[in-house]
Amino acid sequence: MIKADAYGCGLAAVAPALWRVGCRTFFVAHLGEGAAARRAVPEATIYVLNGLPPGGADAFLRDGLRPVLGSHDELDAWAGASQGAHGAALHVDTGMNRLGLSVPEALALRADPRIRAAGIDLVMSHLVSAEQPEDPVNARQIRDFSAARAAFPEIPASLANSSGIFLGSATHHDLLRPGYALFGGNPTPGHPNPMRPVVRLEAEIVQVRAVEAGAGAGYNHRWIAPGPRRLATLSLGYADGYPRAASGRGHALVGGVACPILGLISMDLIILDVTEAPDARRGATAVLIGDALDVDIVGRAAGTIGYEILTGLGSRYVRTYVE
């Protein structure tokens with residue numbers, strides 16, 4: 001899964017790296033992402049999850065992209081345009097109620113000539129609560145998808161996302177679709193993260209100052225110094241995708257010391273309390289994701305999830321890739 005600019009990490013660099021280690025099938029969300037993926041990995045199989053937009057068949061054919069078809073209208077349009085010469089996936093909705101044909105609709109297509117005309121080469125669905133193994137919806141989806149898959153025994157099938165992989169072999173079928181886990185997110189919340197850290201976010205301290213008791217910091221003075229403190233300002237803000245909701249809740253690491261974010265995060269700047277961080281100085285590095293601050297911790301501090309943190313990483317960062 002390399003949608004959302006490879007989860008904020010940069011599709012143009014990530015896709016070729018995955019290709020070099022053996023990945024041959026990629027998933028994106030939109031047609032535009034598919035075109036970018038085609039430029040990055042010219043020989044790959046690329047599926048577009050959000051389906052075939054009206055009038056979009058020519059663009060899919062031009063770039064050799066495979067739509068994930070989730071309605072009779074899409075199936076009709078692609079079958080007519082591709083005439084079986086180009087692949088596509090059939091999306092079966094097993095409980096998300098978002099995109100896809102219902103299970104009865106999919107079963108009714110068992111002998112439908114449009115399956116061949118549309119070049120269906122993958123049958124897929126999407127798990128609702130894979131990160132919660134105890135949720136009974138998982139068992140229902142596994143059962144329903146197995147029934148749908150049995151209607152097309154000659155076509156490969158795919159069900160498991162990152163968390164679904166860890167539900168066991170019943171979700172594995174022929175093709176796994178890891179996404180968040182590839183980028184270091186924990187696919188097993190509540191348990192130790194089986195994945196290695198991947199993303200590290202750093203920012204430079206641009207100024208350090210001392211303040212006395214009663215001094216305010218940031219917009220609206222949401223924070224007031226309880227005593228003499230040292231403050232450091234980082235050149236990073238919500239315009240870079242670091243969520244404003246982490247104001248007064250998040251931390252950064254300076255020399256390994258956890259330093260609280262003070263007051264309101266602004267568009268381009270964040271203020272830290274570095275009183276306990278002796279290494280804090282102009283030009284020093286603060287770590288906002290990495291070491292003891294993994295992406296899931298950062299997400300929780302902002303009242304959201306690590307997925308949103310990663311996919312929100314902005315274009316102003318300098319991205320450095322290490323393989």
Side-chain angles (χ1 to χ4, degrees), residues 4-10 180 183-186 189 193 197-322:
D5 198 27
Y7 285 65
C9 295
Y180 187 52
F183 303 96
N186 189 353
N193 190 351
V198 173
V199 175
R200 185 177 181 86
L201 177 61
E202 299 178 348
E204 189 173 90
I205 294 176
V206 295
Q207 189 174 104
V208 176
R209 67 177 60 219
V211 299
E212 298 300 324
Y219 285 116
N220 308 125
H221 282 182
R222 295 289 183 88
W223 177 86
I224 302 295
R229 312 302 291 173
R230 290 176 70 235
L231 309 185
T233 303
L234 306 182
S235 183
L236 178 148
Y238 61 76
D240 302 292
Y242 198 88
R244 189 172 182 267
S247 297
R249 300 172 59 184
H251 291 77
L253 303 175
V254 180
V257 177
C259 300
I261 292 173
L262 305 181
L264 290 174
I265 293 170
S266 56
M267 185 179 294
D268 311 297
L269 299 166
I270 290 175
I271 303 171
L272 303 177
D273 182 345
V274 295
T275 307
E276 309 302 327
D279 293 340
R281 64 188 182 281
R282 180 174 178 267
T285 296
V287 177
L288 291 106
I289 301 174
D291 300 331
L293 289 176
D294 68 34
V295 68
D296 294 289
I297 291 172
V298 175
R300 287 193 294 274
T304 184
I305 55 177
Y307 293 79
E308 186 173 2
I309 300 299
L310 288 181
T311 58
L313 294 175
S315 60
R316 298 195 297 192
Y317 296 118
V318 174
R319 287 167 168 78
T320 302
Y321 300 93
V322 179

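Remember, it's a predicted structure, so these values are computed and weren't measured experimentally.
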- Message: Minimum heavy-atom separation for Ala4 and Thr311, please, with both atom names.
- Response: CB-CG2, 3.7 Å

- side-chain contact (heavy atoms from CB on, under 4.5 Å) between Leu293 and Leu253: does it pass, once the steps are laid out? CA-CA 8 Å; Leu293 289 176; Leu253 303 175; 3.8 Å; yes

- Item | Donor-acceptor pair, side chain of Arg319 and main chain of Gly8, under 3.5 angstrom | yes

Could you go through residues 256-263 and list every donor-acceptor pair under 3.5 Å that involves a side-chain atom there, pairing it with any protein atom two or more places apart or in another chain?
none

- ring pair (Phe, Tyr, Trp, His ring centres under 6.0 Å): which pairs involve residues 241-292, sequence neighbours left out? none

- Calculate, to the nearest 0.5 Å, the distance between atoms CG and CD belonging to Leu236 and Glu202 respectively. 11.5 Å

- Smallest separation among heavy atoms of Leu272 and Ala286, with atom names: CD1-CB, 4.3 Å

- With sequence neighbours left out, what residues match Asp279 under side chain to side chain contact (heavy atoms under 4.5 Å, CB included)? Arg281

- Task: Start with the C-alpha distance between Val298 and Leu201, add both sets of side-chain angles, then the distance that settles side-chain contact (heavy atoms from CB on, under 4.5 Å), and finish with yes or no.
- Result: CA-CA 11 Å; Val298 175; Leu201 177 61; over 6 Å; no

- Smallest heavy-atom separation, Gly185 atom then Val295 atom, equals CA-CG1, 4.1 Å

- Please list all pairs passing the side chain to side chain donor-acceptor pair (under 3.5 Å) test where one or both residues lie in residues 266-275, with sequence neighbours left out. Arg229-Asp273, Arg229-Thr275, Asp268-Arg316, Asp273-Thr275

- Task: Determine the minimum heavy-atom distance between Leu231 and Ile271, stating which atoms define it.
- Result: CB-CG2, 4.1 Å

- Does Val199 have any side chain to side chain contact (heavy atoms under 4.5 Å, CB included) partners at least two apart in sequence or in another chain, and if so, which? Cys9, Leu310, Leu313

- Applying ring pair (Phe, Tyr, Trp, His ring centres under 6.0 Å), which residue pairs with at least one partner in residues 275-317 are found, sequence neighbours left out? Tyr180-Tyr307

- Query: Residues in side chain to side chain contact (heavy atoms under 4.5 Å, CB included) with Ala232, at least two apart?
  - Reply: Ile205, Val208, Val274

- Task: Of all the heavy-atom pairs spanning Ser235 and Leu269, show the shortest one and how long it is.
- Result: CA-CD2, 4.1 Å

- Query: To the nearest 0.5 Å, how far apart are CD in Glu204 and CZ in Arg282?
  - Reply: 7.5 Å

- Query: Can you list the residues that meet the side chain to side chain contact (heavy atoms under 4.5 Å, CB included) rule with Thr304, with sequence neighbours excluded?
  - Reply: Ala302, Glu308, Ile309

- Tell me, which pairs form a side chain to side chain donor-acceptor pair (under 3.5 Å) where one or both residues lie in residues 211-224, sequence neighbours left out? none

- Task: Look up atom CD1 in Ile305 and atom CG in Asn186, then write down how far apart they are to the nearest 0.5 Å.
- Result: 12.5 Å

- Query: Within a radius of less than 6.0 Å around CZ of Arg209, do more than 12 heavy atoms belonging to other residues, nucleotides or ligands occur?
  - Reply: no

- Quick one: which residue pairs count as a ring pair (Phe, Tyr, Trp, His ring centres under 6.0 Å) with a foot in residues 270-302, not counting sequence neighbours? none

- Check Ala252 against Leu288 and note the closest heavy-atom contact, atom names and distance. CB-CG, 4.2 Å

- Message: So, using side-chain hydrogen bond (donor to acceptor under 3.5 Å, both in side chains) as the criterion, who are the partners of Glu276 when residues are at least two apart?
- Response: none

- Could you name each residue pair satisfying ring pair (Phe, Tyr, Trp, His ring centres under 6.0 Å) that touches residues 278-297, not counting sequence neighbours? none

